[in-house]
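Only one structure is covered here, and it is reproduced in the block below.
The structure presented is a predicted model; accordingly, all values stated were derived computationally and were not measured.
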Amino acid sequence: MRSTAATEVTGGAIADCSLPAAFFWYVRAARRVEPPVTAPAVVVIGAGAAGCAAALEAARLGLAVTLIDEHPQSVAALGLDAPYFYGARLPASLSATMVERVLAANEPLVACFEAGVEVRTGTCVWGVFGPRENCISLDGFQLALAEGGRSEMLHADHLVFATGARDLVLSFPGWELPGVLGANGAAALAGRYQALGGERVMVLGSGNLGLGLARLLRSEGIEVVAVVEPGPRPRGDANLVADLTGAGVPIFVQHTIERALGETEVRAARLVAVDGKLQPVPNCVREILCDTIVMAYGTVPNVELPALAGCTLSYSATRGGWVPAVEGGTCTSLPFIHVAGDLVGTGEVTHRDTAVAVRQGQDAVRAIATACGLVASAVPALNPELAADTGAAADWLRSLLAVGGLDVTLCQCEEVTRRELVGVQPPRYLGSGSAATGGIDGLGSRARTSQDLLKRLTRVGMGHCQGKRCRDHGALLIAGATGCPLEEVRPGSYRAPVRPLPLATLWPHDESEEMRKRWPIWLHPLDERAPR
Amino acid sequence: MSDLPRSADVVVIGAGVLGLAAGYFLRKDGASVVVLDKGMAGWEASGRATGFLSLRGEQPLEVPLAAAAERLWATLDDELGTLTEWRPGGRLWVAIEPESWAELAQTCPLWRQAGVAVELVDAAAARKIAPCLGENTIGGMHTARGGHANPQRTTQAFAWAFQRIGGILAEFTPATDIAIAGGRIAAVQTVSGAIATSAVVACAGPQLGHIGRMVGVEIPVAPVRLEAMVTVPLPPLFEVAMVGNGLSLRQTRRGNIHFNGGPHEWIDVSLCAEPAKPNTPIIRNMTRRLAELFPSLAGVNALRSWAGVIEVTPDATVILDRPGAPEGFVVCSASGHGFGLAPAIGQALADLVVRGRSSIAIDGLGLDRFVGLPRDWRAARSWHAGSYNT
């Protein structure tokens, strides 16, 4: 409708620039940190063991380094179940001293401050944008940040993603109740935030993740009423098992959870004994009083940001699923983007200690420094065996299906059950007006293994948790329903913002006048010089 | 694909909403039909669209198509046996700046002349139609006609209905060449073998240029990548399909506000590969514009963004044609606004194949209007890859 708007590019500086005008304006106005003249700008995302080690190494080598971490998070951010599955029992507010506590609890982060790293806590990275196919005009890679209700863009010459891993979530009846959460969520709430809100905890999973969490909880004075394992023996480190059993923590092997019990919050868990084929044993049910149930089945690398950046992902069962494809231990398919820590892969080794993560963080920065000619050559990178226990998730799901069946909520945000996913049922808000869809077999042989397509049709993964609670569970179900190997289930796309954020936060305070004035409305203005 | 037939009455190239609608009406007419796609049905622009029924008073040639589409939409759910989320909620163009209000005042009588029953409404009336509009609203242009639907569900509805009546959908099966014999279409070559046929319906969107070159027909289209977003689901706020403050937006049946607009990058596409569809920081500028339009929703979370690739014709108007050489070749581009027109376009394409002429008026939408278009038309107007439409 705007037929008269100017289409001429005016102004010497812009006309002389080979960049398309729109982006020239955008980038010039948006860049808050100019690329340093001497040292390249390294930005490290994630202040866990790997990220802190990377930032410290960068500071040691004289690189200009910024370390960004989304913790401490607001209660609103925790409520989105990102990055971890925190569940529905969140404190109404977090104490004012929390920032100090979160920082003080992270010794490597304190060391980063002292080493002169520019540290930005409470800052989430919700996007990463750069020049690539069909977007050739962006000027370098930019991170999109949000902090304190404002967003900004940050230029980066080199990126180290150390974004960690999230909780693997496999549902059971009652998992919506306050008091059900994931192992990483529980560890963060119990340790960092001192806000678990429970006193009697059941841990589902006996790998190092679950055993380590049980140890952490006990050290915080929280009772662990049981560790549950569907397989015949505990999966994790024998010393951890011995410590727990020595302290009187029961480990129920060959058991699974039938449901969480409670009206307004978790009151107990009902366990069922399972046989060697993970099928329920008749009349072998027990209820255990607890106020908290933790899913410690496993963890999944947080690949959203490298995926958005355009890094190639590949499936690796031994690294915990879809991970950035790396060369030399930490370098992604984009040479200026490195990865470290649980993002590279997560498994029994990384769940036991942080040595691998620290080494990867250092390796990543040394590789960058080498590429920049700042050090002669990189130390050969670590390429460790991470020993992801691929059987754990499959065993858990098999036992949960055997006991709970298909009529269990899979997607909490959009209220979709397992049956509705594999039956490709339209969402409930449409009522019953749709004809049968033919189920998953009614889709093309490759369409049926596309999580994006199934998401569109069933809405699984469309909600505010952005699929963090249902993506992996859904992939396992699709693999089972189609008979395809898990790695052939094509994961859903990742989309910015990777944390839901208010419009007012995303608002571009740095917007240029040109962007305001020359905003086109749906392909208008048409060029007046166009032949008719 | 082993079950690709060796022959068919008609091969449709492109399993977007236009190709599937054409396939559905052709199959319903008794033809044996294969719809090919380089990827999944509805995976490109059709699954990423705003979801509007386009009503464009400034382009009178398209008015009969829009009117026919509106009639078909009224019963489309029953026709296809799947809910498309069609909502005949009307259209509203909103002005929050004096300049856009002046433009609406100019536009309104021209559209009425073209047969689109729009009227100017004041701020109070606009805010009655969409109570979340801010106090900065100056006024709007409204019509009870038109509406919006869920593009993904609609495209899949056509795909299912087409297959239910015996149509064959071949995904991940790009057409790589078209054979001509004696001036007539003879076969379509695919990566999975050839299909003998006497008729091809080209609905390949951004790839139409490539398809046209297979048969010596110049189809002038320029591919472009554009961006869209949704908020989290909200309670019902408004039913109209809205344009305002530089955005096109609707509230989905689920409750999300879907919005798009702004600068887009012209690109080139290849015949068989899926084009990359990255987002850019422009999504921030989009969120500001939505918050300006609906100030009370500034605290609402944006949930995701995506991008899509569409093609634009030189005059941003639909191409619907059976050019005659080679005989049996039928082509359609909706220039990026075909979603809501799809039922009518599908019917018109089926008519063109089966009867040689469309029962819906499509006069003036043929390729002959581009005679004399310079070969370098894209470059001449800065629509070449990497350029922006600002």
- Note on the structure: Checked A/Ala447, A/Gly444, A/Gly310 vs chain B; the most non-hydrogen pairs under 4.5 Å come from A/Ala447

- Portion of A/Leu457 that has a non-hydrogen atom of chain B nearer than 4.5 angstrom: both

- Query: What part of A/Arg132 gets closer than 4.5 Å to chain B, counting heavy atoms only: side chain, backbone, both or neither?
  - Reply: side chain

- Salt bridge or not for B/Arg164 and B/Glu79, using N-O below 4.0 Å? no

- Message: Checking side-chain polar atoms at under 3.5 Å, does A/Tyr429 have a donor or acceptor matched by the opposite partner on B/Glu85?
- Response: yes

- Message: Checking A/Arg518 against B/Tyr388: is there a side-chain donor and acceptor pair closer than 3.5 Å?
- Response: no

- Do you know which of A/Leu443, A/Val498, A/Val128 has the most heavy-atom pairs under 4.5 Å to chain B? A/Leu443

- Is there a donor-acceptor contact under 3.5 Å linking the side chains of B/Ser305 and B/Glu227? no

- Query: Which one, B/Trp43, B/Phe370, B/Trp306, leads in non-hydrogen pairs under 4.5 Å with chain A?
  - Reply: B/Trp43

- Message: Need one label for A/Glu133: side chain, backbone, both or neither, based on atoms under 4.5 Å from any heavy atom in chain B.
- Response: both

- Item | Heavy-atom pair count under 4.5 Å with chain B, highest-scoring of A/Ser450, A/Pro427, A/Ala144, A/Pro500 | A/Pro500

- Side chains of A/Glu511 and B/Asn285: is there a donor and an acceptor less than 3.5 Å apart? yes

- Tell me, side chain or backbone of B/Ile283 under 4.5 Å from chain A's heavy atoms, or both, or neither? side chain

- Message: Can you tell me which of B/Gln152, B/Arg254, B/Arg253, B/Gln163 forms the most heavy-atom pairs within a distance under 4.5 Å of chain A?
- Response: B/Arg254

- Message: What part of B/Pro223 gets within 4.5 angstrom of chain A, counting heavy atoms only: side chain, backbone, both, or neither?
- Response: neither

- Item | Contact class of A/Leu80 relative to chain B, heavy atoms under 4.5 angstrom | side chain

- Query: Could B/Lys38 and B/Glu274 be called an ion pair, given the rule that one side-chain N must be under 4.0 Å from one carboxylate O?
  - Reply: no

- Among A/Arg456, A/His464, A/Arg495, the residue with the most heavy-atom pairs under 4.5 Å to chain B is A/Arg456

- Residues A/Asp81, A/Arg469: salt bridge by 4.0 Å N-O rule: yes

- Query: When only pairs under 4.5 Å are counted, which of B/Asn279, B/Val232, B/Asp77 shares the most heavy-atom pairs with chain A?
  - Reply: B/Asn279

- Of A/Pro497, A/Cys413, A/Ala504, A/Ala496, the largest count of non-hydrogen pairs under 4.5 angstrom with chain B goes to A/Ala496

- Test: A/Asp452 and A/Arg490 ion pair at under 4.0 Å: no

- Message: Under 4.5 Å from any heavy atom of chain A, what part of B/Asn256 do you find: side chain, backbone, both or neither?
- Response: side chain

- Task: Determine, using ring centers only, whether B/Trp377 and B/His384 are less than 6.0 Å apart.
- Result: no

- Side chain from CB out, backbone as N, CA, C, O: work out which of these in B/Met286 comes under 4.5 Å of a heavy atom of chain A, or both, or neither. both

- Centres of the B/Trp93 and B/Trp111 rings: under 6.0 Å? yes

